[in-house]
Amino acid sequence: MAARTHGPAPTPTWAPPPGKPPLAARLARATWRGLPARRYAAGWEPGLAVPAADGSPLLTDHYFPRATGDFPTLLVRSPYGRGFPWSAQFGILFAEQGFHVVLQSCRGTGGSGGAFHLWRNETPDGLATVAWLREQPWFNGALGTVGPSYLGYAQWALAVDPPPELRAMVVQVGLHDPYALFHTRGALQLENALAVGAGLTYQHQGWRPFLKAILRLQRRLRAVTQAQPLRTAYPEALGGPLPWLDDVLTHPDADDPYWSGASLAHVAAGSRVPTSLITGWHDVLADQTFEQYARLRRAGREAALLIGPWTHTSALRQGWPEVFAESLGWLRAHLCAEPSEPRRARARVHVGGADVWRDLADWPPAGAVAPWFPAPDGHLTRQATEVRAPLASFRYDPADPTPSVGGPLLSRAAGPRDNGRLEARDDVLTFTSPPLAEPIDIVGPVSARLSVSTDGGEADLFTRLCDVDERGRSVNVCDGLGRIRAAERAPAYVTVPMSATAHRFAAGHRVRWQLSGGAHPRYARGSSTAEPPVDATTFTPVRVTVHTDSTLFLPHVTGPEPAAESESVAEHEAESVVEPAAEPKPHAEPAPGPA
């Protein structure tokens, strides 16, 4: 409980309504294990109409602890409806722990008035909701926010002009840049874009329409993603055209005026609100979370980071006990008069390959960035080649695009997967180390600097780090996509960020570097021409040649307890760039770029 700072004092005259939370939410609540014991019974006040900034009614459900007392408030703003799973995960669970929870449907969704927009309404509507809160007799002036994905975007939007009541944020697998959700350096993230289209269109309508939409998308995904042109085919998979998604798909340039005002990346640097960030190694928004944390830390803000072995969706399912405990601890520490003790380490990460959690003084930890080099016959070594020369090549054919396997997706196929069938294809190169004599911990950002040339066409370059066990099973760890935008018959350097990881390669395992021309339908297939992916009707094969001075950069960390941030690791989180190839520099590191 916390002291009031705004508005009239709560009075005993406020009579909590008698309604119980919805049955579906109570049944879902009963299925969770490993959660803290409830402190209070939860009450429910549904269907409140809160005025938006333009006067439209924002339908809002109020959950509360059935007890006499002064409790802080959590604001949860969602475009996905107010029912399952939000009613259970946020409404009931946090009310049971002593919070008022205001669960609200964003403008134009879930019965709220007005029209939904991907980014223009959340700041004014969030502030209008706080103005409404100040008039409520149960509001004690202590406000926090919590929520995943787009619910995280709504939190950053409120922090653009934070009200004085806002004391804590918990951004779970959160978004701050819509452009980066749909595009990677100009390449369309096709499968995720379609999944987001289905989610934003149907989830707020209820679980039946949403389930029907997901099943339709699964049935028609292959046909739609291989259609020519893509733009005229995708409505078949989503039940009709979506004008906002059409706009998203047809604006692949981050500098296009269309995206003006969409990114809230700058908010983290200026925010003084203590912020807890939660993500998973295979979350589609992991890189956005890493950027949020880096900006908060550079600005000297109070921040914490939790990274689990999760995808975007499994963080809220299998990972929910850890995610809930982290969120609850942070909110109690900053909103309650008798706060819990927050964990001491700023960052806590799950180490894949070892299945252990590791507390870190900061993220990324200190450690040396070690270069690894491709060698003839598919070898990966620690020894650089003295002479630059063509090493291996593959032919990427858009008519038979290299498929995607696992990784950061919004589908059940996400996460670590066996890459064996993928790596058997002729259009995939692999370079593999000898069996390791001792374990190696890779903790931090991973990147590649590729020295490549093509036979004249534009090309995408998909690069992936894999762990190969004693049986030869190759499992993806992290990856990234870069591209050569213009014809490059002479070698050019392409620096590709490959996200980040905390992974132990066990003794006897091998490190594998995988290279190909794409990952379809995760990314729209490249046409090898200048045509936009959604309008392309001409697809031309392209041959990509990798040269010996290509380099994979892995952040090695030794010792039992990695400590503070290392610039030698952080500086490799660079944007994908294409540079003219100069004289061979086998030991050169990727050019620094923005975090």
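These values consider heavy atoms only, across backbone and side chains, with no hydrogens, waters or symmetry-generated copies.
Considering OG1 of T279 and CG of L306, their distance stands at 9.0 Å, rounded to 0.5 Å. Here the CZ-CG distance, from R29 to L23, works out to 14.5 Å after rounding to the nearest 0.5 Å. Taken to the nearest 0.5 Å, the CG atom of L410 stands 11.0 Å off from the CZ atom of R522. The line from OG of S271 to CG of D161 is 11.5 Å long, rounded to the nearest 0.5 Å. Taking CG from D177 and NE2 from H266, the interatomic distance works out to 11.0 Å, rounded to the nearest 0.5 Å. Rounded to the nearest 0.5 Å, atoms OH (Y523) and OG (S404) are 9.5 Å apart.
In this structure, the side chains of V76 and V146 come closer than 4.5 Å at one or more pairs of heavy atoms. You'll find the side chain of T311 stays beyond 4.5 Å of the side chain of P408, heavy atoms only. Put simply, the side chain of L190 does not reach to within 4.5 Å of the side chain of Y234, judged on heavy atoms. W281 places a side-chain heavy atom less than 4.5 Å from the side chain of I307. A 4.5 Å side-chain heavy-atom check between L331 and F94 finds at least one atom pair inside the cut-off. When side chains are defined from C-beta on, L158 counts as touching P163, because their heavy atoms get closer than 4.5 Å. The closest side-chain heavy-atom distance from R317 to W310 is not below 4.5 Å. A heavy-atom distance below 4.5 Å is not found between the side chains of F84 and W207.
Between the side chain of R301 and the main chain of A268, no donor-acceptor pair closer than 3.5 Å is present. Within the 3.5 Å criterion, the main-chain N or O of P229 finds a donor-acceptor partner in the side chain of T232. Formation of a donor-acceptor pair under 3.5 Å by the H334 side chain with backbone atoms of G329 is not found in this model. Checked by atom type and distance alone, the side chain of E236 never pairs as donor or acceptor with a backbone atom of R220 at under 3.5 Å. In this structure, Y63 contributes its side chain and F99 its backbone to no donor-acceptor pair below 3.5 Å. Judged purely by atom type and a 3.5 angstrom limit, H204 has no side-chain atom pairing as donor or acceptor with the backbone of G81. The closest donor-acceptor contact from the side chain of T250 to the backbone of D246 lies under 3.5 Å. Q89 contributes a side-chain N or O that, together with a main-chain N or O of L316, makes up a donor-acceptor pair within less than 3.5 Å. A donor-acceptor contact shorter than 3.5 Å is absent between the side chain of D287 and the backbone of A180. Of the possible donor and acceptor atoms, one in the side chain of N476 sits under 3.5 Å from a partner among the backbone N and O of G415.
For the residue pair T463 and V496, the shortest heavy atom distance occurs at CG2-CG1, 3.6 Å. The minimum heavy-atom distance between A159 and P162, with the atom names listed, is O-CD, 3.1 Å. The nearest pair of heavy atoms linking A233 to A227 is CB-CB, 3.3 Å. The minimum heavy-atom distance between S327 and I278, with the atom names listed, is OG-CD1, 3.6 Å. Minimum heavy-atom separation, Q172 to F90: OE1-CZ, 3.3 Å. Residues F116 and N121 approach most closely at C-ND2, 4.4 Å, considering heavy atoms.
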Should T73 and V102 be marked as a side-chain contact (heavy atoms from CB on, under 4.5 Å) after you check the CA-CA gap, both sets of side-chain angles, and the distance that decides it? CA-CA 7 Å; T73 298; V102 175; 3.9 Å; yes
Hey, mind stepping through D253 and R185 against salt bridge (charged side-chain N to carboxylate O under 4.0 Å, His left out) and telling me if it holds? CA-CA 8 Å; D253 186 351; R185 288 168 284 279; over 6 Å; no
With side-chain contact (heavy atoms from CB on, under 4.5 Å) as the test, would you mind laying out the steps for V170 and T145 before giving the verdict? CA-CA 6 Å; V170 178; T145 60; over 6 Å; no
Check the pair E122 / R77 against salt bridge (charged side-chain N to carboxylate O under 4.0 Å, His left out), numbers first and verdict last. CA-CA 9 Å; E122 307 313 341; R77 305 193 62 251; 2.8 Å; yes
Evaluate side-chain contact (heavy atoms from CB on, under 4.5 Å) for V248 paired with L181, printing each intermediate quantity in order. CA-CA 10 Å; V248 162; L181 172 62; over 6 Å; no
Apply the test side-chain contact (heavy atoms from CB on, under 4.5 Å) to residues L188 and V534: give CA-CA distance (whole Å), side-chain angles for both, the deciding distance (0.1 Å), then the verdict. CA-CA 9 Å; L188 173 62; V534 294; 3.8 Å; yes
Apply the test salt bridge (charged side-chain N to carboxylate O under 4.0 Å, His left out) to residues R348 and E326: give CA-CA distance (whole Å), side-chain angles for both, the deciding distance (0.1 Å), then the verdict. CA-CA 10 Å; R348 188 166 188 255; E326 180 80 5; 5.9 Å; no
Verify side chain to side chain donor-acceptor pair (under 3.5 Å) between H312 and S149, making sure each step is shown before the conclusion. CA-CA 8 Å; H312 189 73; S149 199; 3.0 Å; yes
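Between F324 and W320, the ring-plane angle classifies as tilted under the 30° and 60° cut-offs. Below 30°, between 30° and 60°, or above 60°: for F64 and H62 the angle between ring planes is between 30° and 60°, a tilted geometry.
The closest side-chain donor-acceptor pair between S112 and T109, if any, does not fall under 3.5 angstrom. A donor-acceptor pair shorter than 3.5 Å can be found between the side chains of D427 and T402. In summary, the side chains of R82 and S105 do present a donor paired with an acceptor at a separation below 3.5 Å, with no hydrogens or angles considered. No side-chain donor from either of H183 and Q189 sits under 3.5 Å from a side-chain acceptor of the other. For the residue pair Q104 / T129, a side-chain donor-acceptor distance below 3.5 Å is found, with atom types taken as modelled.
The local environment of CZ in F539 is crowded, with over 12 non-hydrogen atoms from other residues, nucleotides or ligands closer than 6.0 Å.
Under the side-chain contact (heavy atoms from CB on, under 4.5 Å) rule, R464 has a single partner from L481, V477, V405, which is V405.
Ionic pairing of R525 and D460 is not present here: no N-O contact between side-chain nitrogen and carboxylate oxygen is shorter than 4.0 angstrom. Salt bridge status for R425 with D400: present, with a side-chain N to carboxylate O gap under 4.0 Å.
Between W119 and Y258, a ring centre-to-centre spacing shorter than 6.0 Å is recorded. The aromatic ring centres of Y153 and Y150 sit less than 6.0 Å apart. Ring centroid separation for the pair H100 and W138 comes in under the 6.0 Å cut-off.
For the pair R216 and Y202, the cation-pi criterion (under 6.0 Å, within 45° of the ring axis) is fulfilled.
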